[in-house]
Protein chains: 2
Amino acid sequence: MTPPLHDAHPAGHGRRLPDTQQGMRRRNLARVMHTVSAEGPLSRAAVAARIDLTRAAVSTLVDELIRWELLEELGPERPGRVGRPGSALAISGHGPAGIGAEVGVDHLAVCSVDLRGVVRARAVRHGTNRGRPPQPVLAELTALIRQVVAEGEREGLWPAGLAVAVPGLVARDARTVVRAPNLDWHDLDLGPLLPGEPPLTVDNEANFGSLAELWLGDDTPRDFLHVSAEIGIGGAVVVDGRLLRGTRGFAGELGHVPVDPEGPRCACGGRGCLEQYAGEEAVLRAAGLTPGEDSVGQLAERAARGETDVCRALGGAGTALGIALTGAVNLLDPEAVVLGGALAALAPWLLPSLERELARRTAGTACAVAVSRLGSEGPLLGAAHSVVRTVLDDPAAVAERT
Amino acid sequence: MTPPLHDAHPAGHGRRLPDTQQGMRRRNLARVMHTVSAEGPLSRAAVAARIDLTRAAVSTLVDELIRWELLEELGPERPGRVGRPGSALAISGHGPAGIGAEVGVDHLAVCSVDLRGVVRARAVRHGTNRGRPPQPVLAELTALIRQVVAEGEREGLWPAGLAVAVPGLVARDARTVVRAPNLDWHDLDLGPLLPGEPPLTVDNEANFGSLAELWLGDDTPRDFLHVSAEIGIGGAVVVDGRLLRGTRGFAGELGHVPVDPEGPRCACGGRGCLEQYAGEEAVLRAAGLTPGEDSVGQLAERAARGETDVCRALGGAGTALGIALTGAVNLLDPEAVVLGGALAALAPWLLPSLERELARRTAGTACAVAVSRLGSEGPLLGAAHSVVRTVLDDPAAVAERT
DNA sequence: ACTAATTTGTTAAGCGCCCTGACGAAATAG
DNA sequence: CTATTTCGTCAGGGCGCTTAACAAATTAGT
């Protein structure tokens, strides 16, 4: 079985390797990396058994990966079984690292993650970016990035790529922000405004969040629907371990699925979109609160205290989510629906009505609904990990770059 | 011991050939077949240029495919350009053929298609199957199949596979009909009731219809949403040239997407499902007609005559389709929506309201809506072609079977 | 008409990649 | 202490594509 070649959009390496011996070699190098990454320290023989190659072939692959410092030899395994003990191989903690960055409405964040998946450095700056012009915001982000990169370099890490999560739609070139309403950014190419050196990938925060769920989630299936809300409502569809992007890169826009065709007008031009019932502004209004800092925390706190207006508002949002998700589930038949972002924190008050609505509108057993453990950390971690995945997906490519 | 080469389901999900030299060889054989199939007669040099291999390599691949009678040498091409003219290669008109079969509510149909995609034999039996027990129906279908296979054998064709389209949900094993309400079949394994010889694949008629659209449509994109209605409303999602099936194989159930959360009750347990507005029964009732033979023809005829009740009913169905499709388009961002099956014949009266609804609910340019040229022929052709695709996808596999 | 240039298809040599089979090394079992 | 098992490596070989060269078949130019 071939390892899942990571989606084409983040990073240019998603291209299919050619059907030549070199391409085969590169795919097999990738299969070794994926196997070791997924199943902890493993001997050459164990890897060979898993990817269906001979020990001899795996030996040469591993030699090369060690020479490139992508794998490390940990030494002899603790015996336990009969026979000569194998020599444990592990993903290296040095070498390439993924840099993830997030442009939030109320903060900036950057982190670096090594090939093992361990977060090695972080930097955050709080304060609103709403309506600020892009240049100063991205200059601040660049400073945070340089700080994180420098910190990594002191530990023997070099940046293999930079992935930036933004709260808005991103074109398929993975550089241009088409529309980010809460930042008031439009048709903006981030390339020239960020460091030129590590290759850049920009994507929607909901997309990165769903990838984080896929890669880091506890037992997230390979087919699921991810719903996350910050200000608007974002969704992402993961099919067979791959993120579905759509022709223009706009797939997953759950927020503008019609819930009631004659409902209130929406900025998108439609009527009764989900966002009119479960978006932050709508929920706050229904709860009798005014928008402000940390609105989500406010909602959770008051709901926990049992304030009926807030509970009823969240219940209504859950019902609307349930209706919109019924349509999505009928269309996609996912294994699960995962609530992420701000929805994770509010899940206790959303789930009952959401699940009730989903169940009563579904023939047979309804789709399972899970709550993300990552919450608002998802987009940042997903961004950093997406870089790591491109390295695992084609280790030979990064070796060429050293 | 050879590894499993094909997914049970059609749609060529199963390009999971191992990363060994043999796997590479088989993939390259497939690439030659696909290239010749897609771009008509081609010289060895032209194929080599397209699939990025050397002429020498392509020569050996072609030799093998000719020895297996999957390719034919047509002889020297008409010159025109400077240089030695190439020798044109074409897909063979002999050898393996795909057998497609359709269990409709009102008919049975079988056809065979050669590797070139040409329909070589057909057989049809009219008469309702509604509520009949499966055994006699499938016995009749078997008789038609044998007839079509025999006809093909007289022309040097042998059946490489049998694909059966049914109006209902099919489990992922591609043999078991889980639920076909209009036939009143439930949890029925078709394997034992059909000829054992050509390998069997069963799938939903909407799925096969969408594949036909993908493979045979005029300029159907690789990402589209296919909507077809016979009695119920079926949908199918094609992403990057692959059919999206969902975990249980139930993806594409557009008919039960909620259009109005407080609408009329539906058999599925929900309320206001699309089928309650645009299903055959609902449209006939709204038009003041009673269900019967050829209801679709009736509707089209009366609408063409300008009967206001019928036109209004179809317009309402179009509006409901537009609302449901708005949600689907927001979620998937397809390149186009294609109306197939009975909807193709009724498109002139559905399209205006459908497109209006889609446009006014979409920010930016709305998704294009196209009408299928195949209409109700889609499922049968898609089934037969799905067999042909499995041959093109792994020609070495059929060579082993001779 | 004749030569030069161009393109095709084939052939032989070569290289890369994995497999087979055999070996020494390092552990356990008796 | 010996037999057994498993691991990692090495040499030899097969397979598949590439490179390079060549003959064949056509057009372009003089």
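In what follows, every chain begins at residue 1, and chains take the letters A, B, ... in the order their sequences are listed.
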Evaluation steps, side-chain contact (heavy atoms from CB on, under 4.5 Å), between A:L244 and B:L244: CA-CA 11 Å; A:L244 196 151; B:L244 197 151; 3.8 Å; yes
Verdict with supporting geometry, B:R31 and B:N28, side-chain hydrogen bond (donor to acceptor under 3.5 Å, both in side chains): CA-CA 5 Å; B:R31 294 211 291 159; B:N28 282 334; 3.2 Å; yes
Chi angles and distances behind the side-chain hydrogen bond (donor to acceptor under 3.5 Å, both in side chains) call for A:H94, A:D114: CA-CA 7 Å; A:H94 307 293; A:D114 65 21; over 6 Å; no
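Whole-Å rounding puts the A:I51 CD1 to C:dC19 P distance at 9 Å. At whole-Å resolution of the value, CE in B:M24 and P in D:dT18 are 8 Å apart. The CG-C1' distance, from B:D19 to C:dC19, rounds to 15 Å in whole Å. Between the P atom of C:dG16 and the CD atom of A:E64 lies a distance of 12 Å, rounded to the nearest Å. If you take CG of A:L61 and P of C:dG16, they are 15 Å apart, rounded to a whole angstrom. The distance between atom CG of B:L29 and atom P of D:dC15, rounded to the nearest whole Å, is 15 Å. A straight line from CG of A:D63 to C1' of D:dC10 spans 12 Å, rounded to a whole angstrom. D:dT6 atom P lies 20 Å from atom CZ of A:R78, rounded to whole Å.
In terms of phosphate contacts, B:R44 brings a side-chain nitrogen or oxygen within less than 4.0 Å of OP1 or OP2 of C:dT10. Contact between the side-chain N/O atoms of B:N28 and the OP1/OP2 oxygens of D:dC17 is found at a separation under 4.0 Å. In this model, the phosphate group of D:dT9 is approached by a side-chain N or O of A:S59 to a distance below 4.0 Å at OP1 or OP2. Side-chain N/O atoms of A:R81 include none lying less than 4.0 angstrom from OP1 or OP2 on C:dT28.
Remark on DNA chain D: of its neighbouring residues A:P85 and B:P85, the 5'-side contact belongs to A:P85, judged by nearest-heavy-atom nucleotide. If you find the closest nucleotide of DNA chain D to A:S87 and to B:Q22, the one lying nearer the 5' end belongs to A:S87.
Of all the heavy atoms in A:S87 and A:R44, the pair that sits closest is CB-NH1, 4.0 Å.
Judged by distance alone, with hydrogens and angles left aside, B:R25 brings no side-chain donor or acceptor close enough to the base of D:dG16 to form a pair under 3.5 Å. If you check distances only, the side chain of B:Q21 never reaches the base of D:dG16 with a donor-acceptor pair under 3.5 Å.
Listed candidates were C:dT28, C:dC17, C:dT11. Nearest to the side chain of B:A56 is C:dT11. Residue A:R84 has its side chain nearest to C:dG24 when only C:dT10, C:dG24, D:dC17 are considered. With C:dT10, D:dC17, C:dA26 as the candidates, the nucleotide lying closest to the side chain of B:L53 is D:dC17. The side chain of A:V82 sits closest to D:dT6 out of D:dT6, C:dG9, C:dG16. Of the listed nucleotides (D:dA21, D:dT9, C:dC17), D:dT9 has the atom at the smallest distance from the side chain of A:R55. Each of C:dG9, C:dC17, D:dG8 was ranked by its minimum atom distance to the side chain of B:A45; first place goes to C:dG9. Residue A:T54 has its side chain nearest to C:dT20 when only C:dA5, C:dT20, D:dC7 are considered.
In this structure, B:D19 pairs ionically with B:R27, as a charged nitrogen and a carboxylate oxygen lie closer than 4.0 Å. Ion pairing between a basic and an acidic side chain is recognised when a charged N comes within 4.0 Å of a carboxylate O; A:D203 and A:R245 show such pairing.
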